[in-house]
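All values derive from a computational prediction rather than experimental measurement.
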Amino acid sequence: MEQKQVVESIISDVKPSPGVIVKRLTGERIRFECKGKEGLLVEVWTDLLGRYHGHGMDYKDGIYSKEFELKETGFFRATIRWRAPKSKHWEWYEASEDNFAEIQVDPDYIRKSVVYNAFIRFYGHKKITRKGMVEFGQSGTFDDLKKRLDELKEMGVKILYLNPIHPIGELYRHHNPHDHYPSYMQPGCPYSIKDYKAIDPEVAIDKDHSQSPYSSLSEPIKEFREMVKEAHKRGIKVYMDLVFNHTSHDFILQRLHPEWFLYKENIKSLEEPYIYPEEIKQGKPWGDAKHTFCAYDHGYWWDDVAQLNWEYKIPKASNEPPKNPTLKEMHEYFKSIPKFWIKHVGIDGFRCDVAYKVPPSFWKECIHEARAYAKKTKANKSKDVVFIAESYVDDLKELLEAGFTATYGDYSNKLYSPLTLKGYLDYMYNISGEFFPEGSQFFMFPECHDFVRHTKKLLGSLSQDEVLGSRANKSRWLLTAMLPGIPMIFNGFEKLEWQQVNLFSYSDIDWESDKDLKEFIIKVNKIRNKHEALQTGTYEYVPSNQGLNEAAQLFSFTRMKGEEKFLVTTNMDVNNTAIANIYLPDSLGLDFNNEYKLKDLMSKKTYTRKGKEVLILLGPGDSHVFKVSQ
């Protein structure tokens, strides 16, 4: 303690501080600095440029500093060391490598990308049959999705994220009781995974006969590899879903590793005690797949899946859950899964389902090893992989610190009004600087498979109204694309789909419907993809005279980077015109006593204004994307 105090009396205010995690993208810079008296030899000791090495810091006005341009992705560490010119002995601000500052560097493409989420089953028939059914063997396949890749490229999509494509468990398989097909003919939920290193043959039917001219049966992994290859040709990266909190009840390794699961007589009871292995002698069903405890989260039972025993966040019962004696072996198996898909298919990234229910310590090992494996083997085009964590508001900080490139919370349920959206963004975008690591990123989408469709959520019984649906989806996509984050389109959003996703049986999207926002989405995405400020610039909320209340209509904000300045304003009310004054911030750097120009990139009109107060008139669901200049 005394030694630390002596060091701090010579070197102080070190940034980044010891133990802190900082997130950056390749191409960005990171600055190290500290206070100290003149005449010392002060270095940043770091492995940013390869092996650990000391890099001399420059001195000016009592501050030693050194900047690095970040060229390589990965996980790096750094601290400060110093010595007097005549001394041969270095003093360390932090001697333990475990306490060095950590710099997590991700590929810069991620912040500049638009994501498209494809649920493979939706890519079967071009039109639903008269009876509203999809024929057997006509569920969507990789070949069907391949046909739409050019369209996705045209929409500005850079990442294609796929929901699970693995064989689905049969024990306690979910079905839709209102479906046209009997329960035993329905495919079930793809999040009930039976084998993580295999592909559901139904999504890999060889419709284009690329493997054989005589049969539609295929080697599934070859079909998947073909689809990924075609995506890569178009500059689109492919992400898979990792579902590690739970498996199907009849998971292929359940019999070989019964200790990886938890067991109860009543598998949907929180109060009932867990069964221990030694209770087999008393006739208790420990190890029986039929008695694997169901996953439970946020008040919901997922009864078609079995909770894995990570010894982490296990629901309380009348007794303690048994330990997992081969937990390390379980870790190794699940860490091997992303490596498998990197090696055999060249996958570029992973979205991790229910990531907050799996220990951050596991994720840290898994992410570090997978990224190191991708770099070493160069098995994919990125020579790296990205991990995205699903969460609500649970453990966001812990997940980001574990190495996730981005995480996401409840954005899609905060798009009702400026009031709900503003509060959420204040938290997610770390306004106070206290919540998340510096440089944290967030996945954002108006809808996904987990929730009611956006049009249904906003419009209720009017969700099929084409005019209102168009206003709802246009306004929410523009906000999603222009706010800081990684924006994602869920398949069908562009077709104003209003029916909830059928997770358990066959579904289809009428891709030939006249309802289509593709041209609007292309326009918005082109604007975003053209301007750095709209991808990686700063964000600041712009208030209006409507205030923040349930009646407010306008949501406005600035995005700035370098010389680029943008003002975005959206009328979130899809029924009424908005008329309001907004108050521009000083941070725009304008001389408000003189005229400045607002060029709307949506309408191509240019407005000349003076002063901080700007009158906005927007139709229902309409938006301005102003490029600001003076």
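- Partners of Lys518 under the salt bridge (charged side-chain N to carboxylate O under 4.0 Å, His left out) rule, at least two apart in sequence or in another chain, are Glu154.
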request  = Determine, step by step, whether Glu223 and Gln211 satisfy the side-chain hydrogen bond (donor to acceptor under 3.5 Å, both in side chains) criterion, reporting the C-alpha distance in whole Å, the side-chain angles of both residues, the deciding distance to 0.1 Å, and the verdict.
outcome  = CA-CA 8 Å; Glu223 285 292 298; Gln211 294 190 41; 3.2 Å; yes
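- Formation of a donor-acceptor pair under 3.5 Å by the Thr455 side chain with backbone atoms of Glu497 is found in this model.
- Scored by the side chain to side chain contact (heavy atoms under 4.5 Å, CB included) test, Thr326 finds His257, Glu259, Trp260, Asn324, Glu329 as partners (sequence neighbours excluded).
- Between the side chains of Tyr116 and Glu151, no donor-acceptor pair is found at a separation under 3.5 Å.
- The pair Lys153-Asp150 fails the salt-bridge criterion, with no side-chain N (NZ, NE, NH1 or NH2) lying under 4.0 Å from an Asp/Glu carboxylate O.
- Using a cutoff of 4.0 Å between basic side-chain nitrogens and carboxylate oxygens, Lys207 and Asp144 are scored as salt-bridged.
- Here Asp195 does not pair with Lys197 in a salt bridge; the nearest charged N to carboxylate O distance is not below 4.0 Å.
- When all heavy atoms are compared, the tightest approach of Phe490 to Arg453 is CD2-NH1, 3.3 Å.
- Phe75 is linked by a ring pair (Phe, Tyr, Trp, His ring centres under 6.0 Å) to His368, counting only residues two or more places apart in sequence or in another chain.
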message = Would Tyr356 and Thr407 count as a side-chain hydrogen bond (donor to acceptor under 3.5 Å, both in side chains) here? Give the steps.
response = CA-CA 10 Å; Tyr356 53 92; Thr407 185; over 6 Å; no
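- Remark: Arg255 CZ is loosely packed, at most 12 non-hydrogen atoms of other residues, nucleotides or ligands lying under 6.0 Å away.
- Lys23 contributes a side-chain N or O that, together with a main-chain N or O of Leu400, makes up a donor-acceptor pair within less than 3.5 Å.
- Summarising the geometry of Asn473 relative to His454, their closest heavy-atom pair is OD1-CD2, 3.0 Å, with the distance given to 0.1 Å.
- When all heavy atoms are compared, the tightest approach of Phe520 to Met602 is CE1-CE, 3.6 Å.
- Every residue two or more places apart in sequence or in another chain that forms a ring pair (Phe, Tyr, Trp, His ring centres under 6.0 Å) with His331 is listed here: Trp310, Phe362.
- No more than 12 heavy atoms of other residues, nucleotides or ligands shown are found within 6.0 angstrom of NZ on Lys222.
- Between Asn380 and Ser382, the side chains place no donor N or O within less than 3.5 Å of an acceptor N or O (distance only, hydrogens not considered).
- The minimum heavy-atom distance linking Ala355 with Ala389 is given by the pair CB-CB, 3.8 Å.
- Using a 4.0 Å cut-off between charged side-chain N and carboxylate O, Arg24 and Asp106 make no salt bridge.
- No donor-acceptor pair closer than 3.5 Å links the side chain of Glu447 to the backbone N or O of Val452.
- Not counting sequence neighbours, the partners of Tyr408 by the ring pair (Phe, Tyr, Trp, His ring centres under 6.0 Å) test are Phe443, Phe445.
- Of all non-hydrogen atoms in Ile193 and His166, the two that sit nearest each other are CD1-CD2, 3.7 Å.
- Checking Tyr123 against Asp143 by side-chain atom types alone, no donor-acceptor pair falls below 3.5 Å.
- With respect to the salt-bridge test (charged N to carboxylate O, under 4.0 angstrom), the residues Glu532 and Lys561 qualify.
- Screening Phe387, Phe350, Tyr312, Tyr196 for a ring-ring contact (aromatic ring centres under 6.0 Å, His included) involving Phe244 leaves a single residue, Tyr196.
- A salt bridge does not link Lys229 to Glu226: none of the charged side-chain nitrogens sits closer than 4.0 Å to a carboxylate oxygen.
- For the residue pair Arg559 and Leu483, the shortest heavy atom distance occurs at NH1-C, 3.3 Å.
- Using modelled atom types, no side-chain atom of Tyr506 and backbone atom of Gly140 make a donor-acceptor pair closer than 3.5 Å.
- For Asn176 and Ser505, the side-chain atoms include no donor-acceptor pair closer than 3.5 Å.
- Among residues two or more places apart in sequence or in another chain, the ring pair (Phe, Tyr, Trp, His ring centres under 6.0 Å) test is passed with Trp302 by His246.
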task = Determine, stepwise, if the pair Ile267 / His249 fulfils side chain to side chain contact (heavy atoms under 4.5 Å, CB included).
result = CA-CA 11 Å; Ile267 62 176; His249 290 277; 4.1 Å; yes
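- Geometrically, Lys158 does not engage Tyr109 in a cation-pi contact, judged by NZ or CZ lying under 6.0 Å from the ring centre and within 45° of the ring axis.
- His449 and Asn117 form no side-chain donor-acceptor contact under 3.5 Å, judged by distance and modelled atom types alone.
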inquiry  = Pair Ile486, Gln441 - check side chain to side chain contact (heavy atoms under 4.5 Å, CB included), show working.
reply    = CA-CA 8 Å; Ile486 305 164; Gln441 301 175 70; 4.1 Å; yes
inquiry  = For a side chain to side chain contact (heavy atoms under 4.5 Å, CB included) check, start with the C-alpha distance between Leu171 and Ser248, then their side-chain angles and the critical distance, and finish with the verdict.
reply    = CA-CA 7 Å; Leu171 182 59; Ser248 69; over 6 Å; no
ask   = Between Leu160 and Met227, is a side chain to side chain contact (heavy atoms under 4.5 Å, CB included) present by the stated rule, with each step listed?
value = CA-CA 11 Å; Leu160 176 62; Met227 195 280 293; 4.1 Å; yes
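- The pair Asp304-Arg173 does not meet the salt-bridge criterion, since no charged nitrogen lies less than 4.0 angstrom from a carboxylate oxygen.
- With Glu365 as the partner, the salt bridge (charged side-chain N to carboxylate O under 4.0 Å, His left out) test is satisfied by one option alone out of Arg371, Lys328, Lys335: Lys335.
- Residues Asp303 and His174 bring a donor and an acceptor atom of their side chains to less than 3.5 Å of each other.
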